[in-house]
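Since the structure comes first, as structure tokens, the remarks are kept for the end.
Each chain gets a letter, A, B and so on, in the order its sequence line appears, and its residues count up from 1. The figures that follow rest on heavy atoms only: side chains count, while hydrogens, waters and symmetry mates do not.
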Number of protein chains: 2
Amino acid sequence: MATVKDIATAVGVSVATVSNVLNGRPNVGHVIRKKVLHAAKQLGYRPNRAAQAMRTGRTRAIGLVLPDLTNPFFPELAQAVENTARSFGLLVCLIDSQGRVDGESDGFALLMQHAVDGVIWCPLGPRPPAALKKLDRPVVLIDRPGPGYAVVHSNYVMGGELLAQHALRMGHTRVGLLCGPQDLESARQRRDGFVNAAPDEIEIAWEVNVGFDGVLTPQAVDALKRRRNVTLIVAGNDVIAISAIRFLSEHGINVPEDVSITGFDNIRWTDVVTPRLTTIAQPLGAIGKKAVELMHGSMSGEKISARRTIFDVTLIERDSVRRIGRR
Amino acid sequence: MATVKDIATAVGVSVATVSNVLNGRPNVGHVIRKKVLHAAKQLGYRPNRAAQAMRTGRTRAIGLVLPDLTNPFFPELAQAVENTARSFGLLVCLIDSQGRVDGESDGFALLMQHAVDGVIWCPLGPRPPAALKKLDRPVVLIDRPGPGYAVVHSNYVMGGELLAQHALRMGHTRVGLLCGPQDLESARQRRDGFVNAAPDEIEIAWEVNVGFDGVLTPQAVDALKRRRNVTLIVAGNDVIAISAIRFLSEHGINVPEDVSITGFDNIRWTDVVTPRLTTIAQPLGAIGKKAVELMHGSMSGEKISARRTIFDVTLIERDSVRRIGRR
DNA sequence: GAAATCTAGTGTAACGTTTTACTAACTGGA
DNA sequence: TCCAGTTAGTAAAACGTTACACTAGATTTC
């Protein structure tokens with residue numbers, strides 16, 4: 001690997017001058033500048049990141065901490081993060097805590113040791129761990145707001161509202177809610193958005209919370225079995241919705257003939273399950289991209305202006321909601 | 001951040017001694033050793049990876065280069081890689097080429113610049129890019145063998161055989177093949193495994209290749225429409241199978257009543273599509289784990305003995321294959 | 001009892017880069 | 001002409017770690 005010294009001897013100048021050229025400092029004549037640049041290209045020079053890091057304290061790498069890549073919400077996000085980061089010349093270091101808090105903290109320690117320049121984090125729990133406080137590097141949270149941190153996520157309230165409007169439009173006036181974990185703001189806002197936007201004509205017959213991973217609790221099983229005459233079940237996300245559809249079909253209840261269902265997230269495969277799932281699409285790619293952009297801005301010293309960046313969502317109408325009644 | 005010098009002054013020894021203790025070298029008495037270790041813990045010492053890297057040339061980070069995280073084959077793999085790596089104290093740097101060759105080479109360059117200690121790579125094309133040759137660090141390939149590299153993958157031939165046996169067992173004697181790209185060994189071996197294991201009673205009526213991403217070519221569309229009396233379609237992977245099921249159902253052809261289908265990979269959601277997909281399960285987690293273990297072994301100097309590590313696969317019987325005929 | 005070996009350390013150079021302080025040679029103005 | 005200011009460049013220290021070459025004293029060997 002060619003070093004700055006190799007360039008210096010090749011051109012016949014000092015290493016300081018080479019460094020000055022490479023870092024775009026003005027104190028070097030344009031003829032020497034040309035020569036240095038040419039020699040650098042010639043020799044295939046790549047700065048040694050370790051040496052740079054030691055001198056400057058910046059590694060040009062960022063951490064990405066996720067709860068579970070296996071949840072289809074995250075791969076698309078991770079992909080966008082990696083690609084945007086790469087376009088800034090930033091390397092992405094991945095931590096997947098697999099849903100375990102100790103994994104999360106171990107991973108965080110590993111990132112610290114490698115002195116990443118910042119971290120994009122979707123915490124396991126409702127709020128980021130306290131350890132994060134001690135970090136003097138930029139942090140962008142995904143989906144979980146934290147005191148004093150920048151956060152980017154979708155407009156969940158809007159999603160809930162769109163769903164409520166759609167429910168009414170399709171003639172559903174008695175619904176059940178199969179929400180995500182209500183200690184997570186992202187789950188709570190979906191619910192509240194729906195509940196608050198639902199006009200008086202819509203009656204919420206029951207409400208049960210389950211995890212975003214879609215494993216059905218006894219209460220959820222009970223609610224799905226009895227249903228209490230609801231014509232529509234609003235699920236907290238697609239995984240929950242799919243899980244519910246499967247459970248219902250195993251018990252001889254058909255969607256949407258016997259009961260309609262909506263999801264949330266528009267993960268891949270929602271249009272391949274039967275019935276194709278009516279859901280809310282989040283711009284996952286845009287979220288990942290924005291997170292990196294905020295991170296990069298904040299790394300280059302600019303104060304993050306918007307503490308919260310919220311993206312619009314859209315309703316995807318498919319086949320899991322049946323029109324009932326007139327209109 | 002506490003440095004080795006801080007420890008040295010705290011204990012009253014030289015930095016060399018501290019370094020010797022920390023790296024487990026034998027030339028230091030056990031009383032001083034105790035003291036140093038204690039002080040290190042006390043001060044919350046973490047070695048500065050950049051400095052270590054500069055001195056030793058090792059970063060304790062590895063690269064993971066994937067074609068497309070969005071393909072459900074990869075997240076589980078990535079998760080296993082990250083977790084196993086972390087258990088070795090290795091950081092995983094992610095590159096997702098999004099199916100583009102320039103992305104792949106850009107990402108590779110980025111990894112080189114950061115001087116990762118090795119790379120686990122699932123190349124885009126049938127063979128790893130030539131640039132990899134110039135790399136003097138351990139490489140483990142996933143799923144695509146390359147000359148002189150270690151590779152780990154599933155026993156695709158065995159998968160094909162299991163499928164052929166199952167086909168016969170279920171009474172299917174006339175099948176169509178909807179294979180993956182035949183320039184990829186992993187697709188070719190699935191096909192060959194099936195074809196070679198299929199006894200004379202099984203007639204292969206037609207054979208069409210599509211991409212692993214499941215987008216149907218005109219030939220595939222034609223084959224699915226006409227079908228030429230096959231009772232079973234053997235798809236190259238689950239994504240293709242699901243894609244085919246969807247296409248067929250849109251054209252009023254039911255699976256498995258009108259035609260049976262098998263997949264390959266056992267990705268998540270295969271048991272949630274309708275009908276639930278009969279497929280071959282690969283031990284993705286084990287593959288990722290093994291890749292890191294090979295990598296780590298090779299990093300610590302041991303020669304990689306097995307050039308090829310192959311994992312057994314299992315048949316997952318579900319609902320997409322109908323039993324026909326007697327037996 | 002002298003020579004050889006071993007034990008428990010230490011001093012310091014080196015890794016590749018950036019940056020501060022410095023210098024020498026010009027330039028322009030009064 | 002002299003001084004101030006600018007331009008173009010350099011020397012060297014520093015970042016935190018490791019590892020090589022050493023040493024002083026203790027212990028063994030013949």
Handout entry: A/Gln79 versus B/Asp68, side-chain donor and acceptor atoms under 3.5 Å
Key = yes
Handout entry: From C/dT10, C/dA14, C/dT18, nucleotide with atom closest to A/Val15 side chain
Key = C/dT18
Exercise for the section: Please check if the distance between the ring centroids of A/Phe108 and A/Trp121 is under 6.0 Å. Expected result: yes
Problem - Donor + acceptor pair across side chains of A/His114, B/Arg60 (<3.5 Å) - result: no
Fill in the blank from the handout: Between CZ of B/Arg33 and C1' of C/dA8 the distance, given in whole Å, is 11 Å
Problem - Residues B/Thr17 and B/Ser14: side-chain donor-acceptor under 3.5 angstrom - result: yes
Practice task
May I ask you to say what B/Thr17 touches in the nucleic acid, namely base, sugar-phosphate or nothing, with a heavy-atom cut-off under 4.0 Å?
Solution key: base
Practice task
Find the distance B/Lys5:NZ to C/dG11:C1' and express it as a whole number of Å.
Solution key: 13 Å
Exercise for the section: Quickly work out the B/Asn20 CG to C/dA8 P distance and round it to whole Å. Expected result: 12 Å
Completion exercise
Partner of A/Leu64 under side-chain contact (heavy atoms from CB on, under 4.5 Å), picked from A/Asp96, A/Val92, A/Leu77, is A/Val92
Practice task
Starting at atom CZ of B/Arg58, determine the distance to atom P of C/dC15, rounded to an integer number of angstrom.
Solution key: 17 Å
Problem - Side-chain N,O (B/Arg55) to OP1/OP2 (C/dG16) below 4.0 Å - result: no
Practice task
Hey, which sits more toward the 5' end of DNA chain C by its nearest nucleotide, B/Ser14 or B/Ala51?
Solution key: B/Ser14
Exercise for the section: May I have the distance from A/Asn23 (atom CG) to C/dT19 (atom C1'), rounded to whole angstrom? Expected result: 10 Å
Problem - Residues, nucleotides or ligands: over 12 heavy atoms within 6.0 Å of B/Arg127 CZ - result: no
Exercise for the section: Could you tell me the separation between the CG atom of B/Asn48 and the C1' atom of C/dC15, rounded to a whole number of Å? Expected result: 13 Å
Problem - Range on DNA chain D touched by chain B - first to last nucleotide, heavy-atom distance under 4.0 Å - result: D/dG16 to D/dA19
Exercise for the section: Indicate the ring-plane relationship of B/His296 and B/Phe88, choosing parallel, tilted or perpendicular according to the 30° and 60° boundaries. Expected result: parallel
Exercise for the section: Using whole Å, report how far CG of A/Asn27 lies from P of C/dC22. Expected result: 16 Å
Practice task
Nearest whole angstrom, please: distance from the P of C/dT17 to the CG of A/Leu22.
Solution key: 9 Å
Exercise for the section: Would you mind classifying the nucleic acid contact of B/Ser19 as base, sugar-phosphate or nothing, using non-hydrogen atoms under 4.0 angstrom? Expected result: base
